[in-house]
Amino acid sequence: MRKGKVHVIFNSAPVEFKQNFVVLDVNGKLQEIPNDSVWIFAGGEPPTAFLKKIGVGFGMHDMTLEASKEAKEATLAKKQQLVEA
């Protein structure tokens, strides 16, 4: 996130996934965001079999561990910003 590789949108929830974009509810307002992949964080272990059954594709590299580390770092950075403000 800090390097600009990932754009994080806090206080958002997915509403709909389309082929080239996702619709997010961001603080009560709908936004269409261009998108080419989705990371799903659903508890401690991803429901891979279920996701495959409903047609979700998976890449060759599982980035769950890397993404989890980045998500934790982003959360800590956000908390630090709030403390400093």
Side-chain angles (χ1 to χ4, degrees):
M1 181 174 86
R2 282 178 258 157
K3 294 180 181 180
K5 293 181 178 182
V6 176
H7 178 74
V8 178
I9 302 172
F10 294 100
N11 302 313
S12 64
V15 175
E16 183 177 8
F17 293 100
K18 295 288 189 170
Q19 184 171 351
N20 296 314
F21 67 92
V22 62
V23 178
L24 297 179
D25 178 332
V26 183
N27 291 319
K29 296 180 182 178
L30 296 182
Q31 291 185 14
E32 285 187 7
I33 309 293
N35 183 52
D36 59 352
S37 63
V38 175
W39 291 350
I40 298 174
F41 298 94
E45 187 174 326
T48 306
F50 169 73
L51 295 171
K52 285 181 179 178
K53 183 177 178 180
I54 63 170
V56 174
F58 291 84
M60 297 299 290
H61 180 71
D62 182 358
M63 299 188 310
T64 303
L65 292 176
E66 295 163 25
S68 295
K69 180 182 173 189
E70 288 181 7
K72 288 176 188 174
E73 289 173 356
T75 300
L76 290 174
K78 178 93 173 159
K79 287 179 182 178
Q80 184 63 33
Q81 288 175 349
L82 293 172
V83 169
E84 292 172 358

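Please read all numbers here as calculations on a predicted model, not as lab measurements.
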- Item | Residues that Leu30 engages under side-chain contact (heavy atoms from CB on, under 4.5 Å), provided they are two or more places apart | Val15, Val23, Asp25
- Message: Under the salt bridge (Lys or Arg N to Asp or Glu O under 4.0 Å) definition, can you give me all pairs with a residue in residues 73-82, not counting sequence neighbours?
- Response: Arg2-Glu73
- Would you mind reporting whether His7 and Ile9 have side-chain heavy atoms less than 4.5 Å apart? yes
- Note on the structure: Applied to residues 3-13, the salt bridge (Lys or Arg N to Asp or Glu O under 4.0 Å) test, sequence neighbours excluded, yields none
- Verify same cluster id: Val22, Val26 (apolar side-chain graph, 4.5 Å): yes
- Taking only residues two or more places apart in sequence or in another chain, which ones pass side-chain hydrogen bond (donor to acceptor under 3.5 Å, both in side chains) with Gln80? Glu84
- Query: Crowded around Phe10 CZ? As in, over 12 foreign heavy atoms under 6.0 Å?
  - Reply: yes
- Note on the structure: In short, side-chain hydrogen bond (donor to acceptor under 3.5 Å, both in side chains) pairs touching residues 11-20 with sequence neighbours left out are Glu16-Lys18
- Is there a path from Ile33 to Phe17 through hydrophobic residues (I, L, V, M, F, W, Y) whose side chains come within less than 4.5 Å of each other? yes
- Query: Taking only residues two or more places apart in sequence or in another chain, which ones pass side-chain contact (heavy atoms from CB on, under 4.5 Å) with Leu76?
  - Reply: none
